[in-house]
2 protein chains.
Amino acid sequence: MRSSKDDRRVKYTKMVLKESFIKLLSKKDITQITIKEICEDADINRATFYAHYNDQYDLMRKIENELLENISAYISEYARKDNHFNDVELIEKIFEYIKENAQLCKLLLSKKGDLDFQKRVMMLVYDKNLINLTNEGIFSKEYAEYIYSYTITGCVGIIQKWLEDGMDKSTRFMAEMIIKLTTYNTSK
Amino acid sequence: MRSSKDDRRVKYTKMVLKESFIKLLSKKDITQITIKEICEDADINRATFYAHYNDQYDLMRKIENELLENISAYISEYARKDNHFNDVELIEKIFEYIKENAQLCKLLLSKKGDLDFQKRVMMLVYDKNLINLTNEGIFSKEYAEYIYSYTITGCVGIIQKWLEDGMDKSTRFMAEMIIKLTTYNTSK
DNA sequence: TGACTATTAAACACAGTGTTTATTATATTG
DNA sequence: CAATATAATAAACACTGTGTTTAATAGTCA
C-alpha cells in the first residue's frame, strides 16, 4: 500500500518548492515572500502549492521539522555505532551537522530565525543528558527549570554567533566550550 | 520651533495606531494582521497610516525601540538617585519594569517576539557591567565574546520562562538567580 | 484670527489570495 | 504493455488588501 507521499511527482513538487523557498529566503525576509513568487521560481502551479501547504509559514515549519529530524537521525546514527555516549562528541556532532548543511542552517538558525525552533534543536542534546545533572538534588526543581531555560537559549546564542562569524572555530572547540559553560551551571 | 511630531493630531494618531496594533497582536500573529485592520480598529484613515509607517513591521519596530528607551530611562532614573551601583538591584529594576508593563512585555518578550530585540534589552545591563569581568584577562577575547553571547541569550530564555509562568517568582529572586548564573561563568 | 498642515474620503490600478473547473500528464500496478 | 488512478496543470473566478493620489475638511498653533 503506497501513500501519495511516495509518488515521484509529489516528491518532485515538494522538493522544488522547498528549494525555491530557501533560495528566496536567502535573498529576503519571509514576510516579503509571496506564494506566487515561490511557485513561479519553482515552475509549479499555484493550485499545486495549496495541495501541499497552507502558506509560506506552513512550508517553513515543515522545512524546520525536517531539519530537526535529520539532525536527530544524524545523532542517533552516531550513538548506535559508538556505545560510549560522550557529551562532548555528541554536541560536536550537532556542530558538524550544521557545518555540513550550512546553507540551510544559516537561514534557520540565525538571529532572523525562529527561536522556538532553535530551542528544539538544542533540546536534542539536553533532554538526553544534562538535564539529569540538575535533577540530582543539587538544585530545587524550580531552580533547575530556570537553569534549563538559561542553558538552552544560551546555547542558541552561541550557535548564532558561530554562524555569524563564519564557523571559523572548530566543531571540537565549540563543543568543549559548551560543555564547559553548561556543566558549570549544573555542577554546583 | 515645533516639529510636526509635537502636533496633538500626530500624537493622537500614533497613539491609537499603536494601541490597536497591540490589541490585535494579543489576539493573533503579526503575519495575520493587515494594515487595513489596524486602521479600522483605530478609526484612522489608511493613508494616514502610510504617512507615519511603512507597514506593520515598521510599526512593530518603533514600538520595540520605544520600549527599549523606556526601560533604559527607568534604569537611568534609578542609577541617578542611588549612586552605589548594585548589579542585583539593577537587574531587579528590569524585572520590575517588565512586571509594571506586563501587557506589552508579554507580547514583545515572549518566545513569539523578536530575539534580536530581546537581546538588546539584556544588553542594557551587560554592556554596562558584566562584560568588564570577562575582559579582566581571565578568558581570551574570543572566548569572552562567546560567553557574552551565551549570557545575553540565556537571560532572554530566563525572562521568557518567567513571563510564561505568570511572573510568579519575585523580581528579587529572579535578579539574584541571574547574577548567580552569569557571574558564575565569568568568575573563573 | 489667520496660516499651516494633518487627516480624511474617494477613487485608482494593481498584486496576491484561495478556490474551482475541466484537461493533460505521469506514475503505478497487474 | 495496457488500464487505472491521481497529481499537476491552465484558466478563470470573486475577493481582499496594497500603496498612492486627489481635493476637501478639520484641527492646531502662535
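Note that the structure is predicted; figures quoted are calculated from it, not measured. Lettering follows sequence order; numbering is per chain, from 1.
With hydrogens and angles ignored, the 3.5 Å screen pairs no side-chain donor or acceptor of E37(A) with any backbone N or O of L24(A).
Taking atom NZ of K36(A) as the reference point, atom P of dC14(C) lies 13 Å away to the nearest angstrom.
In this structure, of dT7(C), dT20(D), dT8(C), it is dT20(D) that holds the atom nearest to the side chain of Y50(B). Checking dT20(C), dT7(C), dA27(C) against the side-chain heavy atoms of T13(B) singles out dT7(C) as nearest. Looking at the side chain of R8(A), the nearest of the listed nucleotides dT17(C), dA27(C), dT28(D) is dA27(C).
Distances shorter than 4.0 Å separate none of the side-chain N or O atoms of R46(A) from OP1 or OP2 on dG16(C). Checking the phosphate oxygens (OP1, OP2) of dA10(D), a side-chain nitrogen or oxygen of N45(A) falls inside 4.0 Å. Between H52(A) and dA7(D) there is no side-chain polar atom (N or O) within less than 4.0 angstrom of OP1 or OP2.
Using a 4.0 Å heavy-atom distance criterion, T34(A) is classed as a sugar-phosphate-only contact.
For dT5(C), the base has a donor-acceptor partner in the side chain of R9(B) [N/O atoms by modelled type, under 3.5 angstrom].
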* To do: Quick one: do D165(B) and K169(B) satisfy salt bridge (charged side-chain N to carboxylate O under 4.0 Å, His left out)? Show the steps, please.
  => CA-CA 9 Å; D165(B) 290 356; K169(B) 302 281 176 298; 5.7 Å; no

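Separation of the Y74(B) and Y78(B) ring centroids does not fall under the 6.0 Å cut-off.
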